[in-house]
Protein chains: 2
Amino acid sequence: MEIRRDVFQAIADPTRREIIDLIAFDTKNLNAIADNFDMSRQAISQHIRILEECGLVVIKKDGRERFCQAKLEKLYEINEWTERYRVFWTGKMGALRKFLDQESDALNRTAKGSSRIKRKNK
Amino acid sequence: MEIRRDVFQAIADPTRREIIDLIAFDTKNLNAIADNFDMSRQAISQHIRILEECGLVVIKKDGRERFCQAKLEKLYEINEWTERYRVFWTGKMGALRKFLDQESDALNRTAKGSSRIKRKNK
DNA sequence: AGTTTGCGCAAGTAGATCCTTGCATATATA
DNA sequence: TATATATGCAAGGATCTACTTGCGCAAACT
């Protein structure tokens, strides 16, 4: 198992999603972020490092402070993946199934014998 | 750390995403799915159990076979979360920042002294 | 100069995750 | 009935993950 540090992995953790929600449109420094959570500053710091490593956060140093700015372009990857299955929650799945069934029916008519449909009686 | 079995967690694993891609519009039985991967049948079986537990897959028994059907309604949760940050990849972030800056400028004019902007010189 | 504040580094830990192997069981097929 | 097929259950191992605590250090107040 090699180390995975992709966006899907990054947003799997609810704390990291909360961090993103917090700073999405409002750059904050590390302690300001940590204040919102019931865990140590270091824990938050580590989460932010992960977000940084996969490109969802940019850290800008200013004196002794580290300002964390969201850079959520990569969430497009995830958005695009889920978007492919949009039909599942728009209530149009019925129509799609109907269409797919007609497709395979047509295929069966033209090429009987090589049924693509795995079906059993009982 | 309690056990998390939510959709974000479920799709964090690339194998599980591949499984979803495979059966999204095409119900398959367990072995047929496992054939597509370079790991044991049990490994795939366990991934599918996880997908089932969080409601992304429904298993229909038919004789000795288990047909796995995708039920991706819950991906809406993820789609909705990413959708909130769409502005980041549509190239409209500049306009948004401009707008937000004007907002805080206005705030500063009406209520000087209680600056919302944390700023330092140098 | 002394103290506080913001943060990093490092080590340690409990438990989760991903995968394996071995064996059992029901259902088909010859 | 004997064999092959589709699958489940259970235990074990190597990592990985999400924390913690303790210490150090530079920047910023007093």
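What you are looking at is a predicted structure, and each value in this text was computed from that prediction instead of being measured. Order of the sequence lines sets the chain letters (A, B, ...), proteins ahead of strands, with each chain counted from 1. What's counted below: heavy atoms across the whole structure, side chains too, no hydrogens, waters or symmetry copies.
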Original post:
What is the distance, rounded to the nearest whole Å, between atom CG of Asp13(A) and atom P of dT17(D)?
Top reply: 11 Å
**OP:** Could you tell me the separation between the CZ atom of Arg49(A) and the C1' atom of dC19(D), rounded to a whole number of Å?
**Re:** 14 Å
Subject >> Listed once per pair and sorted, the side chain to side chain donor-acceptor pair (under 3.5 Å) pairs that draw on residues 32-51 of chain A, sequence neighbours left out >> reply: Arg16(A)-His47(A)
**OP:** Calculate the interatomic distance between Lys61(B) atom NZ and dT27(C) atom C1'; express it in whole Å.
**Re:** 13 Å
Original post:
Are any side-chain N or O atoms of Arg17(B) and backbone N or O atoms of Ala12(B), one a donor and one an acceptor, separated by less than 3.5 Å?
Top reply: yes
Subject >> Short side-chain N/O contact from Asn31(B) to OP1 or OP2 of dT7(D), under 4.0 Å >> reply: yes
**OP:** Might you work through the side-chain contact (heavy atoms from CB on, under 4.5 Å) test for Asn79(B) and Trp89(A), ending with a clear yes or no?
**Re:** CA-CA 10 Å; Asn79(B) 186 77; Trp89(A) 60 83; 3.6 Å; yes
**OP:** Could you identify which residues of residues 36-48 of chain B place a heavy atom less than 4.0 Å from some atom of DNA chain D, listed by residue number, or say none?
**Re:** Arg41(B), Gln42(B), Ser45(B)
Original post:
Between dT7(D), dC18(C), dT17(C), which one does the side chain of Gln9(B) approach most closely?
Top reply: dT17(C)
Original post:
Who passes salt bridge (Lys or Arg N to Asp or Glu O under 4.0 Å) against Lys28(A), sequence neighbours left out?
Top reply: Asp26(A)
Original post:
Is there a chain of hydrophobic side chains (I, L, V, M, F, W, Y, each step under 4.5 Å between heavy atoms) that links Ile50(A) to Met39(A)?
Top reply: no
Original post:
Given atom NZ of Lys28(B) and atom P of dA6(D), what is their separation to the nearest angstrom?
Top reply: 15 Å
Original post:
With sequence neighbours excluded, what pairs up with Glu77(A) under the salt bridge (Lys or Arg N to Asp or Glu O under 4.0 Å) test?
Top reply: none
Original post:
In whole angstroms, how far is the P atom of dA27(D) from the CG atom of Leu30(A)?
Top reply: 17 Å
Original post:
About how many Å separate CG of Leu72(A) and CE of Met93(B), when rounded to the nearest 0.5 Å?
Top reply: 7.5 Å
Original post:
For Tyr85(A), what residues pass the side-chain hydrogen bond (donor to acceptor under 3.5 Å, both in side chains) criterion, not counting sequence neighbours?
Top reply: Asp21(B)
Original post:
Rounded to whole angstroms, how far apart are CD1 on Ile33(A) and P on dG8(C)?
Top reply: 11 Å
Original post:
Of Ile19(A), Val58(A), Ile23(A), which is the lone residue that meets side-chain contact (heavy atoms from CB on, under 4.5 Å) with Leu51(A)?
Top reply: Ile19(A)
Subject >> Distance, rounded to the nearest Å, where Arg66(B) contributes CZ and dA28(C) contributes P >> reply: 11 Å
**OP:** Using five pairs at either end of the helix from dA1(C)-dT30(D) to dA30(C)-dT1(D), determine the angle between the two local helix axes and round it to 10 degrees.
**Re:** 20°
Subject >> Asp35(A) CG - dG6(C) C1' separation (whole Å) >> reply: 11 Å
**OP:** Kindly say whether, by distance alone, the side chain of Arg64(A) makes a donor-acceptor pair under 3.5 Å with the base of dA27(D)?
**Re:** yes
